[in-house]
Amino acid sequence: ISPRFSQGMELEPGRYEVEVSAERHESWKEWVDLRAGEDKNLMVRLEPVSTPPPGEKVRTFTANGVSFKMVRIPAGEFMMGSPSNEPDRNSDEGPQHRVRISRDFWLGQTEVTQGLWKAVMGSNPSKFSNCGDNCPVELVSWDDCQEFIRKLNGMVSGGNFRLPTEAEREYACRAGTSGPYAGDLDAMGWYDKNSGNKTHRVGEKNPNAWGLYDMHGNVWEWCQDWYEDYPSGSVTDPIGPSGGSYRVMRGGDWLHSAG
């Protein structure tokens, strides 16, 4: 809410993006609809953040004996979307707009593997299950991912895992670049032209400049946001609309062009 909320403050009816934050805790954001004459109480529990040592760039976590790494992504700004004259551009990749990511965040060094999914969920829904534990899990819904995250947070202390927003994911994928891809596509990703019609073990291709693997291709990756058109102006830490019909997937996969 802007301006900063204070006790007794009166708000006009409408939809508000509410953020609750506290030092050394994960912030909480949610869209709230307020009707005329309505009092609304929100119960919010902020999860403490396990603060890594200054300068630490990679952290290793373990769940049921399976280890995985998270990479620190620095705060910064970038142009989200693609220019209207970019070849093979989809219409929903614009308008380009400036996005500010105000705080560092952590992102998985690789896609979630089948081995990690099995360690957390106790099952493997993947079509390419014979690919092995180091291949990415697939055939999972957005809701499946929310349950996976809920269970993972119950297993790993201090992780506070969640899906990235679409803006966070594109920012991390670009890693300071501004072209269609974060480098040479064939060197960085598995897609329809080089995959052999199957997924591959994570981390076999080159990483981007920030040490993230398979940001282009292999399997589609879910984001936290509902899908909608991009805004035309600059935004800070966008979380997407409060509702919608579809969730956002990014990155492309082994069967299609890379994103």
Side-chain angles (χ1 to χ4, degrees), residues 57-61 68-83 86-90 92-93 96 99 101 104-117 126 128 131 134-138 140 142 145 148-149 161-196 198-225 227 230 237-238 240 247-259:
K57 295 183 178 180
V58 179
R59 303 185 71 188
T60 300
F61 296 90
F68 59 100
K69 294 181 178 181
M70 304 290 289
V71 176
R72 186 200 289 268
I73 308 301
E77 296 186 2
F78 76 113
M79 291 300 293
M80 186 168 178
S82 59
E86 184 176 285
D88 301 320
R89 173 187 187 268
N90 292 323
D92 61 358
E93 294 179 28
Q96 270 194 304
V99 173
I101 304 297
D104 293 3
F105 64 97
W106 294 80
L107 195 65
Q109 187 179 60
T110 71
E111 294 157 328
V112 172
T113 63
Q114 295 180 30
L116 180 58
W117 188 274
S126 302
F128 297 105
C131 181
N134 286 328
C135 290
V137 69
E138 8 97 12
V140 294
W142 186 91
C145 292
F148 168 82
I149 291 167
F161 303 104
R162 60 174 175 83
L163 289 177
T165 65
E166 183 183 12
E168 288 172 335
R169 192 203 176 279
E170 181 169 329
Y171 175 66
C173 178
R174 289 186 177 278
T177 66
S178 59
Y181 304 106
D184 180 77
L185 179 57
D186 279 300
M188 298 181 74
W190 298 108
Y191 63 112
D192 59 345
K193 299 293 192 299
N194 68 2
S195 69
K198 62 182 181 180
T199 61
H200 293 261
R201 288 180 297 178
V202 300
E204 286 191 335
K205 291 287 189 176
N206 293 341
N208 70 7
W210 289 348
L212 301 170
Y213 293 86
D214 298 303
M215 296 298 281
H216 300 302
N218 216 4
V219 295
W220 288 98
E221 299 173 8
W222 287 110
C223 299
Q224 184 65 29
D225 314 37
Y227 175 88
Y230 287 161
D237 300 325
R247 296 286 182 174
V248 175
M249 292 190 303
R250 295 294 301 269
D253 71 349
W254 59 275
L255 185 60
H256 302 91
S257 60

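For F161, the ring pair (Phe, Tyr, Trp, His ring centres under 6.0 Å) test picks out F61, F68, with sequence neighbours left out. By the ring pair (Phe, Tyr, Trp, His ring centres under 6.0 Å) test, F148 pairs with W117, sequence neighbours left out. Every residue meeting the side-chain contact (heavy atoms from CB on, under 4.5 Å) condition with D253, not counting sequence neighbours, appears here in chain and number order: W220, L255, H256. Residues satisfying the disulfide (SG to SG under 2.5 Å) test with C173, not counting sequence neighbours, are none. Every side-chain contact (heavy atoms from CB on, under 4.5 Å) that E86 has, sequence neighbours left out, goes to S82, P83, R89, E93, P180. Looking at residues two or more places apart in sequence or on another chain, you find no side-chain contact (heavy atoms from CB on, under 4.5 Å) involving S257.
In this structure, D214 CG and N206 CG are separated by 10.5 Å, a value rounded to the nearest 0.5 Å. Atom CH2 of residue W222 and atom CZ of residue R169 lie 13.0 Å apart, to the nearest 0.5 angstrom.
Between W190 and H200, the ring planes lie parallel to each other; the angle is under 30°, not in the 30° to 60° tilted range.
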Worked check of side chain to side chain contact (heavy atoms under 4.5 Å, CB included) between H216 and L185: CA-CA 7 Å; H216 300 302; L185 179 57; 3.9 Å; yes
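Dense packing is recorded around CG of D92, with more than 12 heavy atoms of other residues, nucleotides or ligands lying under 6.0 Å away.
Counted by atom type alone, D186 and Y191 present one or more donor-acceptor pairs between their side chains at under 3.5 Å.
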